Amino acid sequence: MIDFRSDTVTRPCSKMRHAMSTAEVGDDVYGDDPTVNELERWAAEHHGMEAALFCSSGTQANLLALMTHCQRGDEYLCGQQAHNYKFEAGGAAVLGSIQPQPIQNEIDGTLCFEKLKAAIKPDDSHFAKTTLLSIENTINGKVLPLSYMKKAREFTLQHNLKLHLDGARIYNAITALNINIKEITQNIDSISICLSKGLGAPIGSLLLGNKEFIHSARRWRKMLGGGMRQAGILAAAAKIALTENVAKLAEDHENATYLAAKLSKIDGIEVKLEHVETNMVFAKFSDRFNIEKIAKDLKQMNILISPGSPLRLVTHLDIDKNDIDIFVLELKKSLVRYPSIN
Ligand SMILES: *Cc1c(COP(=O)(O)O)cnc(C)c1O
């Protein structure tokens, strides 16, 4: 299968599987798993943060961050497109009694500071208490520049807010920006990082922050059923994701650009090449094509896409240039077979 649906579909490599099978383990809820402990210690140091927590998913890491920064009745500012507003089943509201205050994202994925400022509630018993700004980098494949991150830090200090970064794909951002991860983390209070997307681990995310923050996030993690026992098996793969696979992201970005260029040459498909900044390509198909039928057709050829308008295609470890050539060839044939909506 050539799978363009997401970078979450990456499978653990043989090196990961070997590390998993030989990992030293213990009961992590007792703090006894040496592989988890080593990953958390190493990750904290490597990211320039005081402490780290190994979590089951990005959704869990984001929820822990929101529940740790905010009390019941607080609110967080975020983007209308933010994953932790739109795609996490309303967890902050349901489980944290925390109110989201979404703001329309600008075209480049940023949030306008004037609009954010206008959304901060006065200290008055009518209102929820605004305590946190949550931003996302990358967002829909777009990179927030370092200058924006610095402004977000200034903004939150000025308004006495905490700053959380949903950095599910932060390594794609630093690859595109060609900077060190610490240049990002020095501007924030907490960050969540997915290891199970482009970095190729089978399961797991990291949450990083100061010691006190991680101490209380650990309690929430237990409450939410995220206390994992011999989790070293997963942490072993996670460490390899961070040490071996970060350098490979540049290739995913090159492949996305390659794919976008090819698609843009097809009559009836529109791709904004300048919007391809990392590993995602958004392709707008002319209304005359039936994208649902095309997706079914491609599946027969062992190619998977998530039909949508625009169509989102994601490059990752398990897709190379040859796969892209095959996809474009099969897509062209499919467009001929299904030239109209009927
Ligand atoms: C995927 C993703 C998450 C959630 O990660 P899961 O491991 O799928 O729960 C959070 N934020 C962003 C921006 C993501 O892309």
Side-chain angles (χ1 to χ4, degrees), residues 3-12 43 52-69 76-92 94-96 100 102 105 108-111 132-144 148-149 152 163-176 184 188 190-208 217 220-221 224-226 228 231 234-235 237-238 241-242 245 249 252-253 256 277-282 306 308 312-317:
D3 196 340
F4 288 97
R5 292 172 303 168
S6 177
D7 46 9
T8 55
V9 301
T10 47
R11 276 159 232 224
L53 184 66
F54 186 53
C55 302
S56 61
S57 68
T59 300
Q60 184 179 68
N62 276 336
L63 179 59
L64 300 181
L66 294 170
M67 290 178 76
T68 304
H69 285 306
Y76 65 107
L77 306 172
C78 62
Q80 196 82 44
Q81 300 300 322
H83 200 283
N84 61 17
Y85 166 60
K86 202 173 170 185
F87 299 104
E88 295 179 9
V94 175
L95 300 166
N105 292 86
D108 63 2
T110 60
L111 300 173
L132 176 72
L133 169 61
S134 177
I135 55 180
E136 188 172 313
N137 198 3
T138 62
I139 177 157
N140 294 326
K142 287 183 190 145
V143 180
L144 308 186
Y148 182 81
M149 300 296 302
L163 180 58
H164 174 68
L165 175 60
D166 179 346
R169 295 191 181 85
I170 194 61
Y171 277 101
N172 294 90
I174 67 154
T175 299
I184 297 277
I188 54 175
S190 59
I191 181 172
S192 54
I193 302 174
C194 278
L195 308 172
S196 60
K197 292 186 170 164
L199 298 181
I203 297 172
S205 277
L206 286 171
L207 178 64
L208 298 116
W220 288 122
R221 188 187 68 171
L224 295 167
M228 300 185 283
L234 301 176
L242 286 161
N245 288 348
L249 294 174
D252 298 343
H253 298 183
E277 297 178 24
T278 56
N279 66 335
M280 288 185 196
V281 175
F282 291 88
S306 297
R312 186 189 81 158
L313 299 158
V314 186
T315 55
H316 52 74
L317 278 171

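A quick note: this is a predicted structure, and the numbers were derived from the prediction, not measured. Just so you know, ligand 1 is whichever comes first in the structure, and atom 1 is the first atom listed for that ligand.
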Can you list the ligand 1 atoms lying under 4.0 Å from a non-hydrogen atom of S57? 7 (O), 9 (O)
Tell me the protein heavy atom at minimum distance from atom 2 (C) of ligand 1, and give that distance in Å. K197 NZ, 2.2 Å
Atom of C78, atom of A82 and distance for their closest heavy-atom approach: CB-CB, 4.1 Å
Ligand 1-proximal atoms of E136, by part, heavy-atom distance under 4.0 Å: side chain
Using a heavy-atom cut-off of under 4.0 Å, does the side chain or the backbone of S192 touch ligand 1, or both, or neither? neither
Tell me which one of T315, N279, T175, N172 satisfies side-chain hydrogen bond (donor to acceptor under 3.5 Å, both in side chains) with H253. N172
Give the atom numbers and elements of ligand 1 that come within less than 4.0 Å of a heavy atom of N62. 10 (C), 11 (N)
On a heavy-atom basis, the closest approach of F54 and A231 is CE2-O, 4.1 Å
Backbone N or O of G167 within a donor-acceptor pair of the N137 side chain at under 3.5 Å? no
Would you say T59 and ligand 1 have an N/O pair spaced under 3.5 Å apart? yes
Please confirm whether the backbone N or O of L111 pairs with a side-chain atom of Y148, one donor and one acceptor, at under 3.5 Å? yes
Option nearest atom 3 (C) of ligand 1 (shortest heavy-atom distance, choices H83, Q81, R169): H83
Would you check if the side chain of T278 reaches a backbone N or O of G141 as a donor-acceptor pair within less than 3.5 Å? yes
Determine yes or no for a side-chain-to-main-chain donor-acceptor pair under 3.5 angstrom, with E277 supplying the side chain and V143 the backbone. yes
Could a heavy atom of Q60 be found less than 4.0 Å from some atom of ligand 1? no
Please determine whether side-chain hydrogen bond (donor to acceptor under 3.5 Å, both in side chains) holds for the pair D3 and H316, giving the CA-CA distance in whole Å, both sets of side-chain angles, and the decisive distance to 0.1 Å. CA-CA 9 Å; D3 196 340; H316 52 74; 5.6 Å; no
Ligand 1 to D166 polar contact by distance, N or O atoms, under 3.5 Å: yes
Option of least heavy-atom distance to atom 12 (C) of ligand 1 (set: A168, C55, C194): A168
Short N/O distance, under 3.5 Å, between G58 and ligand 1? yes
